[in-house]
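Take a look at the structure below.
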Amino acid sequence: MVYSFDVFDTLITRSTAAPEGIFAIMRKLLQEREDFNEEIKHNFYEMRIGAEQVARNTYCREGVEDVVLEQIYHVLVSGRRISEEESKVLQALERQTEIDHVYGIPENISRVKTLLAEGKKVLLISDMYLDGDTIRQMLMKADGIFADIPLYVSSEGERKNKYSGHLFQYVKEREGLEYSAWKHLGDNPHSDFKVPQSLGISCELYCGTPMLKIENAYLSKREKDGAKQLMAGCAKLARVGTEGTAYALGCGIGGPMLYPYVKWLLEDSMERGIQRLYFIARDGYILKELAEVLVKKNGLDIEINYIYGSRKAWRIPESENLEKEILEIYARSYQDRICNVLELADFLQIPAEEVRKYVPERLCDVRKRWAVPNVDAILDYLLHIPEFIQLLKKTYGRKKQLLVSYLRQELDMRDEHFAFVDLAGSGYTQECLTRVMRRFYGGKIRNYFYRMDCVKETECEYLVFYPMHVPYFTLLEMMCRAPHEQTVGYAQEENGNVVPVFAEVDGRAIAGHGVEAFIQGAAAFAEIYDEVSARYPGWNVGLDHIGKYLEYIYCTPDQMVLNYFGDIPNMLTGREKVSVSFAPKLSDQDIKNLYWYREEEAAEYYYKGSDLPYSLKRCTEKQKQRIENYMKYHDTWYGRICRRIHKIFSHKGAAKMVCPHDYAAGQIAIYGAGKLGQRFYRQITGREKVQGTRYHSLVTIWMDQNYQEYQKVGLPVSSPKEAAQKEYEQLIIAVAKKEIADDIRELLVGQGVEAHKIFWLGQFV
């Protein structure tokens with residue numbers, strides 16, 4: 001049995017996205033030279049492709065089935081576009097560029113080696129305009145095993161090709177073969193399978209590495225850009241011989257999106273004299289992996305470290321003004337996802353039973369869903385109770401002590417030649433970290449970011465790679481999942497070392513999703529692309545590809561991209577107790593709840609993912625039509641009746657929104673008779689329904705400084721001075737502005753009212 005192999009895209013391939021990418025590389029190289037005119041430099045890509053077409057139309061006659069490189073360039077010479085001397089220069093450049101960009105396909109080269117080791121006869125057969133010597137050099141660059149294997153090329157000898165079958169016939173005659181004792185492997189369905197099979201040759205079709213749809217979309221109308229050809233080509237090259245969606249997307253998306261940032265921050269670090277980089281968990285994990293590849297490959301004198309941290313672990317109040325800092329942290333911590341007492345306790349990082357001691361009993365019912373104004377009011381209430389403040393100080397003091405010990409243990413701060421590396425955000429977590437570090441370090445603190453939400457002047461120095469607005473920035477975070485759980489704090493071991501404590505939530509989901517394979521794919525791209533692009537210093541794809549890739553992934557994703565990013569585990573707030581996908585598929589019941597039954601509730605009440613619009617892209621056409629119908633009839637009489645019946649019969653015992661009555665514990669006093677106060681009084685005394693229900697609480701006194709004006713219009717409002725004569729368990733401040741409420745609280749406490757009895761209602765009613 002004789003075995004033959006196709007050459008291009010079977011045994012060897014290129015580091016460009018398409019074969020024509022070689023012409024794009026040449027075009028860019030010509031633009032750096034002075035010995036060619038501007039028209040050739042600008043139009044070479046199109047001229048080279050067109051010249052080959054004309055050459056085939058001219059020279060493929062009378063049994064000649066292929067052209068040679070000299071004939072292709074002769075078309076340009078005969079048309080007076082280039083000179084004979086320029087033709088020779090361009091031919092030499094093309095041959096060298098092909099050699100420079102060739103890479104072997106390991107799995108098929110291994111098959112050749114095995115056959116030769118077994119004493120089998122192996123042949124190489126190629127349809128190609130390049131001469132045999134050049135192709136041999138390309139093969140030898142891939143592996144020395146090809147030095148003596150017979151090579152048949154369509155541009156040599158009788159100039160026959162595989163497409164017609166005549167090249168196979170020519171090889172048969174030269175080698176004295178029988179078709180029945182011949183097996184051929186190649187990647188072209190016609191030339192390498194259908195044609196030789198019709199001759200009686202046993203054939204095997206090699207399914208090579210296809211371009212991803214996102215790569216084709218990115219290259220569309222940019223095919224002649226050499227830098228972009230290399231980026232997409234190296235992504236494809238990194239996938240050769242591999243399988244799996246996660247790895248493929250790591251090569252095709254993760255690498256191209258993250259490599260430029262890592263390359264830049266390493267170069268910037270060298271320029272600034274930064275010697276130690278601390279990549280912050282978890283977004284920094286894949287960035288650290290890429291950095292290690294580049295540092296090793298380029299012999300850079302930069303130390304790569306990984307430090308465990310998170311918003312939850314590092315956002316710890318530091319100053320004496322505890323209330324101000326907690327409210328600041330709260331405002332930056334997805335407060336819309338704090339929906340009950342358990343979630344508030346988790347945000348405050350104290351046991352729920354401790355919070356329950358201070359929160360009004362009805363508000364502790366987890367079936368009661370809090371809205372943001374509810375949380376605002378409850379948090380404001382808690383932060384004015386001295387005993388609760390002491391509990392917080394004690395809790396945060398312990399956490400702070402462990403954090404300081406961990407940082408001093410992990411950070412080398414002998415000088416200022418270090419920096420933290422993060423992905424994206426506001427920089428607030430780094431500000432919190434800086435405040436803690438000021439306890440033991442007074443030097444400069446630098447932070448690298450891929451992108452930031454805003455520009456600010458703080459103690460930190462921010463070094464930002466992508467200073468542009470990114471509408472779909474969350475997708476960057478989805479590319480930077482780590483193969484370990486989120487850090488929630490620190491603990492001290494018996495030997496004195498401080499170690500991170502992890503949340504046991506999404507570890508199994510991350511492993512099952514293929515995050516590690518995605519990281520490996522991104523690292524494989526980085527290694528190959530860094531090697532190839534090193535030949536062309538100054539060539540840069542630019543930052544425009546970031547926006548193009550993100551727009552594709554979010555706005556027009558193909559099914560593979562949509563499913564991978566939609567299903568990736570994502571802890572949006574860091575407080576989740578179960579693993580949640582970034583944009584899970586919606587069930588029919590999810591859709592009905594969101595678009596038919598939902599009224600004033602936030603979408604998050606029914607939707608557990610992080611990005612509802614992205615989930616909607618995963619809906620079937622039937623589901624999309626159902627959504628359209630629900631929205632069309634939602635506010636009609638029919639829709640209102642359906643929701644009323646649903647609430648009566650289907651949702652008994654289900655979660656309900658918090659109402660004003662839930663704030664009132666027993667006998668209450670009300671301070672404030674303005675618009676907000678009057679509405680609260682009507683609701684709490686049963687004069688006005690709340691969510692279809694009337695409540696009846698005992699109001700022992702309703703106060704306002706302007707009580708006389710309200711009495712004139714018949715409202716039972718009294719002077720605040722009478723409060724001391726009344727008994728009540730809860731005093732509700734019913735004014736909209738916090739500044740005014742704080743003044744009233746201070747006045748009441750000065751008059752002897754106990755702080756834990758005072759509750760500011762805020763904008764809730």
Side-chain angles (χ1 to χ4, degrees), residues 245 334-340 342-343 346 366-372 374 471-472 474-475 477-478 481 505-506 508-510 512-513 553-636 638-658 691-692:
T245 295
Y334 296 99
Q335 62 265 50
D336 58 327
R337 299 286 178 128
I338 300 174
C339 300
N340 57 47
L342 300 180
E343 292 168 357
D346 194 40
V366 294
R367 293 174 301 173
K368 291 282 188 176
R369 184 175 178 82
W370 298 356
V372 171
N374 305 140
Y472 325 113
T474 309
L475 290 173
E477 297 179 12
M478 296 306 102
R481 302 294 82 182
V505 178
D506 60 355
R508 184 176 299 177
I510 287 175
H513 192 69
I553 297 168
Y554 194 84
C555 299
T556 58
D558 57 78
Q559 204 61 43
M560 181 171 74
V561 168
L562 184 61
N563 288 339
Y564 180 82
F565 284 100
D567 287 335
I568 197 164
N570 176 47
M571 294 180 70
L572 180 67
T573 68
R575 302 188 296 269
E576 289 82 0
K577 301 303 181 185
V578 296
S579 180
V580 180
S581 298
F582 169 62
K585 283 186 177 180
L586 300 176
S587 67
D588 291 344
Q589 187 60 51
D590 291 333
I591 290 171
K592 196 167 191 175
N593 288 336
L594 282 164
Y595 294 97
W596 190 239
Y597 292 140
R598 183 165 68 98
E599 292 182 305
E600 74 277 2
E601 307 99 321
E604 290 75 18
Y605 180 56
Y606 294 109
Y607 178 69
K608 303 307 178 186
S610 302
D611 197 302
L612 179 57
Y614 208 63
S615 285
L616 292 175
K617 295 180 187 297
R618 307 183 71 184
C619 290
T620 64
E621 290 303 318
K622 187 176 180 180
Q623 287 178 318
K624 292 176 182 177
Q625 183 61 53
R626 186 171 292 154
I627 291 171
E628 187 176 326
N629 290 335
Y630 285 153
M631 294 177 69
K632 181 178 180 181
Y633 296 105
H634 184 274
D635 294 327
T636 64
Y638 174 69
R640 290 191 291 271
I641 290 175
C642 286
R643 286 192 295 280
R644 189 174 302 169
I645 294 173
H646 174 73
K647 286 184 177 180
I648 293 173
F649 294 101
S650 302
H651 275 223
K652 287 184 177 180
K656 297 180 180 179
M657 301 299 289
V658 167
Q691 299 177 20

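If you read the sequence from its start, that first residue is 1, and numbering goes on from there.
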- prompt: What do the steps show when you test Leu562 against Tyr614 for side chain to side chain contact (heavy atoms under 4.5 Å, CB included), and what is the final call?
  reply: CA-CA 8 Å; Leu562 184 61; Tyr614 208 63; 3.7 Å; yes
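Scanning all heavy atoms of the two residues, the minimum distance from Trp596 to Cys642 falls at NE1-CB, 3.7 Å. Closest approach of Tyr607 and Ala583 over heavy atoms only: OH-CA, 3.5 Å. Contact record, Ser581 with Pro584: O-CD, 3.6 Å, taken as the closest heavy-atom pair.
Side-chain atoms of Arg369 never come within 3.5 Å of backbone atoms of Asn340 as a donor-acceptor pair (strictly under, hydrogens ignored). At least one donor-acceptor pair closer than 3.5 Å links the side chain of His513 to the backbone N or O of Tyr564. Here the side chain of Gln623 pairs no donor or acceptor atom with the backbone of Cys619 at under 3.5 angstrom. Looking only at distances, no side-chain donor or acceptor of Ser579 sits under 3.5 Å from a matching main-chain atom of Val505. Checked by atom type and distance alone, the side chain of Arg626 never pairs as donor or acceptor with a backbone atom of Lys592 at under 3.5 Å.
Within 6.0 Å of NZ in Lys624 there are more than 12 heavy atoms belonging to other residues, nucleotides or ligands. Crowding of Lys585 atom NZ: a count of heavy atoms from other residues, nucleotides or ligands under 6.0 Å not exceeding 12.
By the 4.5 Å heavy-atom criterion applied to side chains, His634 and Arg643 are counted as neighbours. Between Ile553 and Phe565, some side-chain heavy-atom pair lies under the 4.5 Å cut-off. The shortest side-chain heavy-atom distance between Leu342 and Val366 falls under the 4.5 Å cut-off. Looking only at side-chain heavy atoms (C-beta outward), Leu616 and Ile627 come within less than 4.5 Å of each other.
A salt bridge between Arg618 and Asp567 is present, with a side-chain N of the basic residue lying under 4.0 Å from a carboxylate O of the acidic one.
A side-chain contact (heavy atoms from CB on, under 4.5 Å) with Tyr606 is found for exactly one of Asp590, Leu612, Leu586, Asn593, namely Asn593.
For the atom pair CZ (Phe582) and CE (Met571), the distance works out to 16.0 Å, reported to the nearest 0.5 Å. In this structure, CG in Asn563 is found 8.5 Å from OG1 in Thr245, a value given to the nearest 0.5 Å. To the nearest 0.5 Å, the span separating CD1 on Ile568 from CG on Leu475 amounts to 10.0 Å.
Ring orientation note: the planes of Tyr597 and His646 are close to parallel, at an angle under 30° on the 30°/60° scale.
Judged by the 6.0 Å and 45° rule, Lys617 forms a cation-pi pair with Tyr554.
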